[in-house]
Number of protein chains: 2
Amino acid sequence: MAYRKTDKVTARLADTRRSILDAARGLVAEGGFAAVQMTEVAKKAGVATGTLYRYFSSKEALCRQVFREVSAREMGMLAEIASSDEPASERLVKVLRTFAGRAVRGRRLAYALLAEPLDVNLAEERAFFRRTHADIFARIIEDGIDDGELRRIDVRIAAACIAGAIPTALIGPLAPESHELDSNPDRTVEEIVNFCLAGAGVARASGKTRIKERRTTA
Amino acid sequence: MAYRKTDKVTARLADTRRSILDAARGLVAEGGFAAVQMTEVAKKAGVATGTLYRYFSSKEALCRQVFREVSAREMGMLAEIASSDEPASERLVKVLRTFAGRAVRGRRLAYALLAEPLDVNLAEERAFFRRTHADIFARIIEDGIDDGELRRIDVRIAAACIAGAIPTALIGPLAPESHELDSNPDRTVEEIVNFCLAGAGVARASGKTRIKERRTTA
DNA sequence: ACAAGGAATGAACCATGGTTCATGATCGAG
DNA sequence: CTCGATCATGAACCATGGTTCATTCCTTGT
């Protein structure tokens, strides 16, 4: 007979694959998908460029995989909260806080996932990611309406609004400057969450918002 | 003496410049900035590719100019409404309706301006465009708060939320499918506007104000 | 009409960066 | 140890699309 992969080899292959994915993910975390160049990935992973193509059929395939892995973690987190059995408004608050909070803390990665200019192939992946978000929001809002907790609105549109408002307010070019954000991310998150809740018709249980600053932009 | 541009020549030059810009704008309207290729622009404008470089120093310069011209019209429109002396909540409603309404009707162009993946140079231009939007929203909200019409919120964040929610809900991958949108764009617009108003704390006075929106569309 | 520019041309050029492939190293089985 | 098969290598290749520039065509003022 000829050749049959032994476990050790299989493991090594898996390792290499992992290290390629890790390298790519690292580049994304540093400079977004724009910074993913095959030569760089190879260098960082400690393999030759040609090797990349033994594990991924193309740059696109590699990037897709990275996108999936990174986004899966986020989605899972939100999905879990969403499926708890608390009242809808409570779940909504938690989901929004988690979404906004995680984005604010991992801004670079969040930017790559949500807002970075990227080409059509990856845009597809992002579309899925966003749709999933929106679905999670929509589901909760729908529950809330069914239970009479929320006023009747078009859940899909409200969900889309939320899915757009949060990233833009946090990480888009409109976002408060980084230092500002870093100095008090929780305030910002809270404010954004409030906007979305109000938009979705959640009667703001918490009475205190204590806001002082009110800045006119330039 | 040698040569001095005559008026006729100056006019012709201006014409050529215009036709180049128009050609580029046309391509943007059809396929976004991604569809702007110098050879295509030249063909469409009826000139040689080299000629383009007599009028614009680079592709980037051309695209920037196109972006500015297109976005200026939109911003002017909103700014005008915003500066009227109606009560803030009224202005806010009008501005949002106009923004959303125009985007929905010129979805392709709106996509190019607001959401299309584009490279950093143009992204700068877009950032300015968005910031201006947000400033307009912020100004109105601030007025509303000062007049006691709106509850106190962080105006910049609310403005950013609005600026993010509208495009996403309308033209992003989350948007209702086109046929759906086309069949009843006004409903969708109204629903989005409602979300934003609620988010900004406008007590929905709505006895349904039928507003004739201004069309100046290209 | 003609000389002296400016304007227009478009094929050639070039930079970027993804992909390939001939070559050599490594591995499994007999 | 040796053979056949797989894996790894990285320099060469290629496609895309923006930019250049030698050449030609037009305009202007005498």
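Computation of the quantities below employed the complete heavy-atom set of this structure, encompassing side-chain atoms and omitting hydrogens, waters and symmetry-equivalent molecules. Order of the sequence lines fixes the chain letters, A, B, ..., with proteins taken first and strands second; residue numbering starts at 1 for each chain.
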Exercise. Is there a donor-acceptor contact under 3.5 Å from the side chain of Lys43(A) to the main chain of Ala48(A)?
Worked result: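 Not a single qualifying donor-acceptor pair exists.
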How many Å lie between [atom1] on [X] and [atom2] on [N], as a whole number?
{"X": "Tyr55(B)", "N": "dG6(C)", "atom1": "OH", "atom2": "P", "result": "15 Å"}
{"X": "Arg54(B)", "N": "dT24(D)", "atom1": "CZ", "atom2": "P", "result": "17 Å"}
{"X": "Glu40(A)", "N": "dG10(D)", "atom1": "CD", "atom2": "P", "result": "15 Å"}

For this session: Please work out which of the three classes, parallel, tilted or perpendicular, describes the rings of His133(B) and Phe137(B), given edges at 30° and 60°.
Result: parallel
Exercise. So what does Leu13(A) hit on the nucleic acid, given a heavy-atom distance under 4.0 Å: a base, only sugar-phosphate, or nothing?
Worked result: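 Result for Leu13(A) = sugar-phosphate.
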Exercise. With a non-hydrogen cut-off below 4.0 angstrom, is Phe56(A) in contact with a base, only sugar-phosphate, or nothing?
Worked result: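 It contacts nothing in the nucleic acid.
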Roughly how far, to the nearest 0.5 Å, is the [atom2] atom of [Y] from the [atom1] atom of [X]?
{"X": "Lys94(A)", "Y": "Ile81(A)", "atom1": "NZ", "atom2": "CD1", "value": "7.5 Å"}
{"X": "Phe99(B)", "Y": "Glu74(B)", "atom1": "CZ", "atom2": "CD", "value": "8.5 Å"}
{"X": "Thr168(B)", "Y": "Ile162(A)", "atom1": "OG1", "atom2": "CD1", "value": "11.5 Å"}

Seminar exercise, completed: In B/S/- notation (B base, S sugar-phosphate only, - none; protein heavy atoms under 4.0 Å), nucleotides 16-23 of chain D written 5' to 3' is -SSBB---
Exercise. Within the structure, does a side-chain N or O atom of Arg12(A) lie under 4.0 Å from either OP1 or OP2 of dA8(D)?
Worked result: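 Answer yes for this pair, as a side-chain N or O of Arg12(A) is under 4.0 Å from OP1 or OP2.
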For this session: Have a look at Ile140(B) and tell me which of Leu96(B), Leu92(B), Val93(B) forms a side-chain contact (heavy atoms from CB on, under 4.5 Å) with it.
Result: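 When side-chain contact (heavy atoms from CB on, under 4.5 Å) is applied between Ile140(B) and each of Leu96(B), Leu92(B), Val93(B), only Leu92(B) qualifies.
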